[in-house]
Each structure stands twice: as C-alpha cells, then as structure tokens.
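If you're wondering where the values come from, they're calculated on a predicted model, not measured in any experiment.
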Amino acid sequence: MTNPILSLQDAALSLDGNAGRVDILHGITLDVAPGETLGLVGPSGSGKSSLLMLMGGLEQATGGTITALGRDLTTMDEDALARFRRDHMGVVFQSFHLIPTMTALENVATPLELAGEADAFARAEAELEAVGLAHRAGHYPSQMSGGEQQRVALARASAPRPDILLADEPTGNLDASNGDAIIDLLFGLRDRHGATLVLVTHSQTLARRCDRVIRLRDGRIAPDAARDAAE
Ligand SMILES: Nc1ncnc2c1ncn2[C@@H]1O[C@H](COP(=O)(O)OP(=O)(O)O)[C@@H](O)[C@H]1O
Ligand SMILES: [Mg+2]
C-alpha cells in the first residue's frame, strides 16, 4: 500500500492490573488505505475494542508504532492527541459515551462548536435528522433507548466529517431497519466525504459491505482472515 491513512507496525497493548500484567494485543501489523472500509471481527475478548482504542489514540500502545495521516500517535502527548482526534477522527464507542447532562442536540453540537463551526446547532439538527432522531433533539441520553443513544453517538462522531471514523459495533443495539439506516449513513460518509471507516462488527450484513475484513483471535490477526472474509 503506497500511502496508508492508518498504519500499525507491530503494535502491542499490555495493561498492568492488580491481578498482574495482561497482554491484550500482540504484534498487530496492518495498513488501512484512504477511503477503505475495514471490518474487524472475532470472538468476544479477542481484542477488537482494544485495537480500535489504539487506532484512535485513546489507549497508548505499549509496543510498536501507530501512524495516522502520517503522524506517529505513539509519540504525541495527551494535548496533541486530543487536537488530532478533534481534527481528524470520529469514534463511536460500544457504550456510546454520551454526555448525560446534555440533550441529544447538545451532544451532537459540542464537537462542531469545538471545531469552530459557526452554525453548530443548525448542523447538529440536520445530523440528528439524518439518523431519524430530529424529534428527540431535546431529550437526554437517559430518556432514550440504547438504539437511539447509538444513533446520537454516530451523529456526533460523523458530524465533524472526520477523515477516519472508528465505530465499535455500530449496529449492535439496533433492529434491522435502524441498522440499515446506520449502515447507509456510515457508507454515505465514505462515499460523499471520502472517510476511511474501521468497523467492529458481528453483523454479517455489515461485514459483507466492508472492502476487507480482518479477524482477531487472542489479540492477534488470525492467519485465515482472508478465507473467513470470503465466506
Ligand atoms: N482495562 C483492562 N484491563 C485488563 N484487561 C482488559 C482491559 N480491557 C480489556 N481487557 C481484556 O482484553 C481482552 C480484549 O478485550 P476487548 O478489546 O474488549 O475485546 P473485544 O472487543 O474483542 O471483545 C479481554 O480479555 C479483556 O478482558
Ligand atoms: Mg468489544
């Protein structure tokens, strides 16, 4: 790959807990091309969420290097990483991480305001409409279902038009029709804005639409990923 937008070289993650050291990811080497959609699959506990956190600079690698848009995330300090994420990345967490004291509209408008958008609230309204939640703009996360919170989280992550969107099981809490709407929204971001997508998913439907699927097992890329992806 000539110019990957995201490149991991032998990336590793180990965490020290009170039960000792846990090795979570081992020697992950992987390039993602600009505009590519990469699916991450694998059993629960295989390291998919952890890998997404490394790619987003939300967890520091304990080994190897991670480069995004040509910048080495492993040597940036917290402030530089926060700015880099604000300017280039969108993340949809498995547990949404919406701000509980803010309405849906405020949750979506906040990153737009931070990015200096003049019409942040009007834009946020349009983004909520795109996920079918215009009528819930004034509601707080606790007043919404898991699926609705997930759609707000996706609106928030995609509103600033990130170069790279990382999403952890973006259709995991949704029924088929809402899931399809979210898939269309994700791919619209790619097709209309050239975003690169990395999607953790258990959904066959979503995995099939990815350009490439990588399977994790015990914190490593499984060698049979290509064959599994073709199934
Ligand atoms: N903060 C943590 N401390 C210790 N172990 C963790 C921590 N976070 C995740 N793990 C472990 O790392 C492994 C991978 O977790 P995760 O990335 O969440 O997997 P997946 O998303 O594929 O289900 C699991 O064995 C999990 O228990
Ligand atoms: Mg996970």
| said: Taking side chain to side chain contact (heavy atoms under 4.5 Å, CB included) as the criterion, tell me which of L30, V198, V32, V41 meets it with I214. | reply: L30
| query | Is the closest side-chain heavy-atom distance between V213 and T201 below 4.5 Å? | reply | no
| said: For a 4.5 angstrom cut-off between non-hydrogen side-chain atoms, does Q60 reach L81? | reply: yes
| query | Does any non-hydrogen side-chain atom of P170 lie less than 4.5 Å from one of L206? | reply | yes
| What pair of heavy atoms forms the shortest contact from L13 to T62, and how long is it? | CA-OG1, 3.2 Å
| remark: Exactly one candidate in T65, T67, L73, L51 meets side chain to side chain contact (heavy atoms under 4.5 Å, CB included) with L8; the answer is L51
| query | Under a single-linkage definition using a 4.5 Å side-chain heavy-atom cutoff for Ile, Leu, Val, Met, Phe, Trp and Tyr, are I99 and L114 assigned to the same hydrophobic cluster? | reply | no
| request: Assess whether side chain to side chain contact (heavy atoms under 4.5 Å, CB included) is satisfied between L216 and I28, documenting all intermediate values. | output: CA-CA 10 Å; L216 290 185; I28 304 278; 4.1 Å; yes
| Is S7 reaching over with its side chain to a backbone N or O of P4, donor-acceptor style, under 3.5 angstrom? | no
| message | Just to verify, which of L189, I183, L185 counts as forming a side chain to side chain contact (heavy atoms under 4.5 Å, CB included) with F187? | response | I183
| said: Under 4.5 Å between side-chain heavy atoms, counting indirect links through other Ile/Leu/Val/Met/Phe/Trp/Tyr residues: same cluster for V91 and F96 or not? | reply: no
| said: To the nearest 0.5 Å, what is the distance between OG on S203 and CZ on R208? | reply: 8.0 Å
| Thinking salt bridges, do R209 and D184 make one under a 4.0 Å N-O criterion? | yes
| remark: Nearest heavy-atom contact between D119 and E117 is OD1-OE1, 3.0 Å
| Of the non-hydrogen atoms in D218 and H26, which two are nearest, and what is the gap between them? | O-CD2, 3.5 Å
| Should D16 and R21 be marked as a side chain to side chain contact (heavy atoms under 4.5 Å, CB included) after you check the CA-CA gap, both sets of side-chain angles, and the distance that decides it? | CA-CA 4 Å; D16 288 310; R21 190 179 161 90; 3.3 Å; yes
| request: First locate atom CZ of F84, then atom CE of M76, and finally report the distance between them rounded to the nearest 0.5 Å. | output: 5.0 Å
| said: Measuring from atom CD of Q150 to atom OG1 of T171, what distance do you get when rounded to the nearest 0.5 angstrom? | reply: 7.0 Å
| Side-chain heavy atoms under 4.5 angstrom apart, residues restricted to Ile, Leu, Val, Met, Phe, Trp, Tyr: same cluster for L58 and L199? | no
| query | What pair of heavy atoms forms the shortest contact from A157 to P160, and how long is it? | reply | O-CD, 3.6 Å
| query | What's the verdict on side chain to side chain contact (heavy atoms under 4.5 Å, CB included) for K48 and Q94, showing C-alpha distance, side-chain angles and the deciding distance? | reply | CA-CA 11 Å; K48 305 180 298 295; Q94 210 165 356; over 6 Å; no
| said: Could you check whether D168 and S49, counting side-chain N and O atoms only, form a donor-acceptor pair closer than 3.5 Å? | reply: yes
| Hey, any chance V92 and L197 share a hydrophobic cluster, counting ILVMFWY side chains that come within less than 4.5 Å of each other, even indirectly? | yes
| note | Separation between CG (L6) and NE2 (H88), nearest 0.5 Å, reads 12.5 Å
| Shortest non-hydrogen separation from A159 to V108 and the atoms involved | CB-CG1, 4.2 Å
| request: Mind listing the closest non-hydrogen atom pair of S158 and L165 along with its distance? | output: N-CD1, 4.4 Å
| query | Would one find more than 12 heavy atoms of other residues, nucleotides or ligands at under 6.0 Å from atom CD of E129? | reply | no
| field | Q149 CD to L98 CG distance, which is reported to the nearest 0.5 Å | value | 5.5 Å
| Same cluster or not: are L166 and I24 linked, directly or through other Ile, Leu, Val, Met, Phe, Trp or Tyr residues, by side-chain heavy atoms under 4.5 angstrom apart? | yes
| Heavy-atom donor-acceptor pair, D211 side chain to T37 backbone, under 3.5 Å | yes
| request: Look at the side chain of R212 and the backbone N and O of E36, then say whether any donor-acceptor pair between them is shorter than 3.5 Å. | output: no
| Between E113 and R123, is there a side-chain N and carboxylate O pair less than 4.0 Å apart? | no
| R151 and I182, any side-chain heavy atoms less than 4.5 Å apart | yes
| query | M53 and F93: side chain to side chain contact (heavy atoms under 4.5 Å, CB included), yes or no, with the steps? | reply | CA-CA 9 Å; M53 299 290 268; F93 298 93; 4.0 Å; yes
| query | Just by distance, with hydrogens left out, do D10 and T29 show a side-chain donor and acceptor under 3.5 Å apart? | reply | no
| query | So do T196 and D163 actually touch side chain to side chain, heavy atoms under 4.5 Å? | reply | no
| Around R86, counting heavy atoms of other residues, nucleotides and ligands shown, do more than 12 lie under 6.0 Å from its CZ? | yes
| note | Interatomic distance, CZ@R156 vs CG@L112, rounded to 0.5 Å, equals 11.5 Å
